[in-house]
Amino acid sequence: MSEKVVESQFQITGMTCAACSNRVEKGLKKMEGVKDANVNLALEKAMVQYDPAVMKPSDITQKVRDLGYDVITDKKELVITGMTCAACSTRIEKGLNKMEGVVQANVNLALEKAAVEYNPSAISAKDLIQKVEALGYGAMVKTEENEKEAVDYRENEIKKQQRKFIISAILSFPLLWTMVAHFSFTSFIWVPDAFMNPWVQMALATPVQFIIGKKFYVGAYKALKNESANMDVLVVLGTSAAYFYSVYLAIASIGSHGHTVGLYFETSSILITLIILGKLFEAKAKGRSSEAIKKLMGLQAKTATVIRNGKETMIPLEDVVTGDILLVKPGEKVPVDGEVLEGTSALDESMITGESVPVDKSVGDQVIGATINKNGFLKIKAIKVGRDTALSQIIKIVEEAQGSKAPIQRLADKISGIFVPIVVGIALLTFVIWYFWGDPGNFAQALENLIAVLVIACPCALGLATPTSIMAGSGRSAEYGILFKGGEHLEMTHKVNTVILDKTGTITNGTPVLTDVVTNEDETEFLSLVGSAEKQSEHPLAQAIVEGIKEKSIPFKDVTEFENIPGYGIKAIVDGSEVLIGTRRLMNKYNVEIDHVMEEMEDLEKQGKTAMLTAINGTYAGLVAVADTIKETSQAAIKRMKEMGLEVIMITGDNKQTAEAIAKEAGVDQVIAEVLPEGKAEEVKQLQAQGKKVAMVGDGINDAPALAMADIGMAIGTGTDVAMEAADITLIRGDLNSIPDSIFMSHKTMQNIKQNLFWALAYNSVGIPIAAIGFLAPWLAGAAMAFSSVSVVLNALRLQRVKL
């Protein structure tokens with residue numbers, strides 16, 4: 001048998017020379033399933049011939065990335081309509097993943113969306129939509145406009161389901177009445193003669209079966225046409241069997257005074273009614289599971305006051321462009337991310353950063369969109385607008401996390417993919433056993449049991465078990481300022497047993513402050529001279545000293561000369577006096593006697609402080625010390641991590657003495673000091689080699705490699721964009737308590753997923769045999785099936801009430 005060979009083109013970036021293209025080509029050719037590979041350096045393209053039965057485009061993309069290069073892919077989110085159960089989402093996902101050029105496709109039943117990464121040089125978004133439509137569903141690329149349409153569609157769908165349920169319930173009630181009256185213990189119930197007439201029953205059941213139940217027939221037809229089966233197939237088989245057998249009995253009853261017993265019109269009608277009721281509850285519950293996104297979107301300002309052509313104009317938020325000058329009055333929301341040009345105020349940033357105390361803002365300070373201006377008038381310049389604002393980025397991360405899959409979901413996907421054909425087989429076997437051996441010749445009993453098996457086995461609960469928990473867990477975490485970038489990170493985080501904390505900006509505030517002043521001179525005069533000299537320097541430590549002196553309301557003096565001496569310190573003429581500020585080497589260079597203060601200076605350095613000696617007119621006058629102080633919450637957070645059984649390690653480029661002083665104050669027992677930026681990733685690797693699951697927490701560009709290397713990278717949200725991009729989790733609040741909080745939320749979410757999967761599988765494992773034995777009436781099976789899906793969604797929604 002000849003092997004099928006597919007040729008695909010991949011756009012590669014990062015190649016700089018012939019050695020790069022040769023490396024990629026050799027790497028691809030070594031892959032199992034690759035027949036040939038040709039890499040063109042000039043065009044930055046790779047033509048790969050491969051066997052689709054052995055590998056997928058995603059394998060080729062991953063190989064190129066493992067070799068240190070990248071493949072240009074596009075990502076699109078599709079809004080899917082028409083899915084009814086896990087088998088539907090599995091079929092769409094399989095169909096998309098089989099397409100040439102698709103790197104990876106994830107379909108989320110709960111969100112009714114598909115996230116597709118694909119090779120734009122091989123296929124387009126239009127091809128993806130056509131594929132979904134060919135499978136019998138609707139699809140459109142998600143945009144801001146049709147996202148609203150999708151929400152409206154869901155609301156309309158709920159209203160439509162409500163109407164269908166009411167009509168179905170009204171038509172089914174007389175049939176339910178007759179069924180209840182047939183039980184021996186309810187034989188006293190009076191039933192109108194008309195309701196016992198088979199033709200009246202048929203007249204009531206037919207609209208329910210074919211008008212209310214039309215969507216089930218359409219769904220089943222599309223599924224079977226594409227050689228697969230879903231929930232609709234089970235419902236159609238079960239209800240049609242009951243309905244058409246009843247029609248047969250009704251026709252057979254002609255000539256017997258128009259009355260007959262043993263009809264099953266009520267079975268088919270009540271089943272459809274209960275299934276629609278279950279779907280209605282499910283749709284409402286699923287709507288609640290995306291409350292986190294709605295809350296975040298609700299934080300945005302709707303309008304902005306902009307100055308254009310010298311006039312104040314109120315415009316919609318979406319019309320604001322970068323560079324616009326905006327006015328923000330007290331009590332108003334800041335429309336977009338920007339910079340203060342005029343005014344002072346305090347801003348409530350709690351909705352973004354979690355910081356409960358209003359933050360003072362003045363000229364030059366950055367402001368975040370959606371924060372509330374408490375008391376002053378501000379004029380700001382728009383820096384980031386639309387999708388670039390901090391809030392929009394947060395919403396994007398939460399949406400992507402909710403739409404992604406946790407690895408645990410693969411189990412549910414595999415089961416639901418083969419579930420329906422197996423159930424149909426069990427149902428037919430049940431019928432045969434009952435008809436020939438259980439109650440020989442009793443067609444009605446055998447049929448009832450077949451219907452009960454078909455109906456109770458719907459795999460909806462299985463398909464909803466994981467995505468609803470991921471949605472609720474990631475949404476609740478976002479409300480606490482913890483942004484998981486994907487379901488896989490939400491699953492992995494609870495496995496972490498070692499946490500590496502970067503020092504600067506993570507354990508500490510990241511900005512040095514003036515901590516000590518030691519002098520025998522008049523302190524005010526001493527600090528006035530020191531501050532005046534340091535004000536001329538741009539060094540961060542100099543700025544810390546100046547800010548500390550400003551807070552003491554000490555005036556500065558005139559500076560006539562200033563010299564920065566790299567590696568030593570500074571020299572300045574302040575108000576006629578020569579001022580030297582710096583290291584021991586600076587004092588030695590100018591022959592200043594400092595032996596008597598060395599012990600005091602070393603004590604300060606042991607505390608993790610940087611001490612700077614000062615001489616005035618050639619004589620030692622005192623010293624000032626600055627330190628990067630630890631955050632108020634660091635000690636308590638590190639204590640919590642230890643109580644959770646986590647191994648906590650601090651890593652820093654600082655000297656060992658300073659690092660150990662900070663670690664001791666923060667409560668960290670292990671310190672890795674004097675590490676170069678590139679060495680941090682190596683330290684992570686060494687810990688992983690010992691079998692540890694490592695979380696790296698950092699905030700700077702130099703932390704990015706280590707964040708990417710760790711099992712879980714956590715970026716402090718107050719840090720750089722590069723660090724946040726490299727991380728798996730962003731901790732917006734900049735508070736180390738978010739680390740144990742994120743591990744706790746991961747644990748709670750995984751616990752919830754396991755509960756859902758257990759109940760979904762246990763429900764089917766127990767329900768199918770009970771139905772097959774004959775202990776479950778079809779209408780009870782329908783009620784139980786509806787309840788299983790709703791219970792799974794409601795259990796997932798418990799995560800939205802978790803308190804941290």
Side-chain angles (χ1 to χ4, degrees), residues 4 6 8 52-53 56-58 74-120 122-143 146 149-150 153-154 157 213-237 275 279 282-283 286 403-405 409-410 412-424 458-460 462-464 466-467 789:
K4 183 185 175 186
V6 171
S8 283
K56 298 180 293 187
S58 55
D74 201 354
K75 285 184 181 177
K76 283 283 186 286
E77 198 167 12
L78 304 180
V79 178
I80 310 286
T81 56
M83 292 192 294
T84 56
C85 70
C88 297
S89 55
T90 302
R91 186 160 84 253
I92 296 170
E93 190 171 291
K94 278 184 181 175
L96 289 171
N97 277 316
K98 281 180 183 174
M99 292 180 75
E100 186 188 336
V102 169
V103 176
Q104 189 175 26
N106 284 325
V107 178
N108 189 306
L109 173 64
L111 280 174
E112 296 178 327
K113 287 176 184 171
V116 189
E117 184 182 1
Y118 63 95
N119 181 350
I123 56 169
S124 65
K126 190 178 177 183
D127 298 323
L128 301 175
I129 291 169
Q130 286 175 347
K131 180 64 176 176
V132 175
E133 288 173 347
L135 290 168
Y137 303 90
M140 55 185 170
V141 175
K142 181 192 154 191
T143 62
N146 66 27
E149 284 174 25
Y153 162 79
R154 284 195 200 101
E157 194 62 26
K214 180 186 173 185
K215 63 173 284 187
F216 299 119
Y217 281 95
V218 171
Y221 168 73
K222 287 178 178 177
L224 294 170
K225 183 184 168 189
N226 286 285
E227 298 177 2
S228 64
N230 63 357
M231 176 200 114
D232 295 329
V233 172
L234 297 180
V235 173
V236 165
L237 285 174
I275 291 165
K279 285 287 168 193
E282 191 184 297
K286 283 199 299 192
S404 67
K405 280 193 177 180
Q409 193 171 339
R410 290 178 195 140
D413 288 347
K414 280 181 183 175
I415 295 169
S416 60
I418 58 171
F419 194 75
V420 176
I422 290 172
V423 169
V424 172
C458 173
C460 293
L462 199 59
L464 291 167
T466 304
S789 296

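Values reported hereafter were calculated over all heavy atoms of this structure, with side chains retained and with hydrogens, waters and symmetry mates removed. Counting begins at 1 with the first residue of the sequence.
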(message) Using the side chain to side chain donor-acceptor pair (under 3.5 Å) criterion, which residues pair with D74? Sequence neighbours excluded.
(response) K76, Y118

(message) Tell me the closest heavy-atom pair linking M99 and D127, and the distance in Å.
(response) CE-O, 3.6 Å

(request) Hey, could you give me the CD/CD distance between E93 and Q104, rounded to the nearest 0.5 Å? (result) 8.5 Å

(request) Take V102 and K131 through the test side-chain contact (heavy atoms from CB on, under 4.5 Å) and record every step on the way to the result. (result) CA-CA 12 Å; V102 169; K131 180 64 176 176; over 6 Å; no

(message) Quick check for you: to the nearest 0.5 Å, what is the distance between I80 atom CD1 and L135 atom CG?
(response) 9.5 Å

(request) Could you list the residues that satisfy side chain to side chain donor-acceptor pair (under 3.5 Å) with N97, not counting sequence neighbours? (result) none

(message) Nearest 0.5 angstrom please: K94 NZ to I92 CD1, how far?
(response) 13.0 Å

(message) For I123 versus G101, what's the shortest heavy-atom pair and its separation?
(response) CD1-C, 4.1 Å

(request) Compare every heavy atom of Y137 with every heavy atom of C88, then report the nearest pair and how far apart it is. (result) SG-OH, 3.3 Å

(message) I need the minimum non-hydrogen distance between A105 and L96, along with the two atoms involved.
(response) CB-CB, 3.7 Å

(request) Output yes when a side-chain donor or acceptor of E117 lies under 3.5 Å from a complementary backbone atom of V103, and no otherwise. (result) no

Which donor-acceptor pairs under 3.5 Å do the side chains of residues 213-221 make with protein atoms, sequence neighbours left out?
residue : atom : partner : partner atom : Å
Y217    : OH   : Q209    : NE2          : 2.8
Y217    : OH   : S240    : OG           : 2.6

(message) Return the CG to CG distance between L224 and D232, rounded to the nearest 0.5 Å.
(response) 9.5 Å

(request) For I129 and M140, work out which heavy atoms get closest and say how close. (result) CD1-CA, 4.2 Å

(message) When you compare the side chain of E112 with that of V79, does any pair of heavy atoms fall below 4.5 Å?
(response) no

(message) For A139 versus E133, what's the shortest heavy-atom pair and its separation?
(response) O-OE2, 4.2 Å

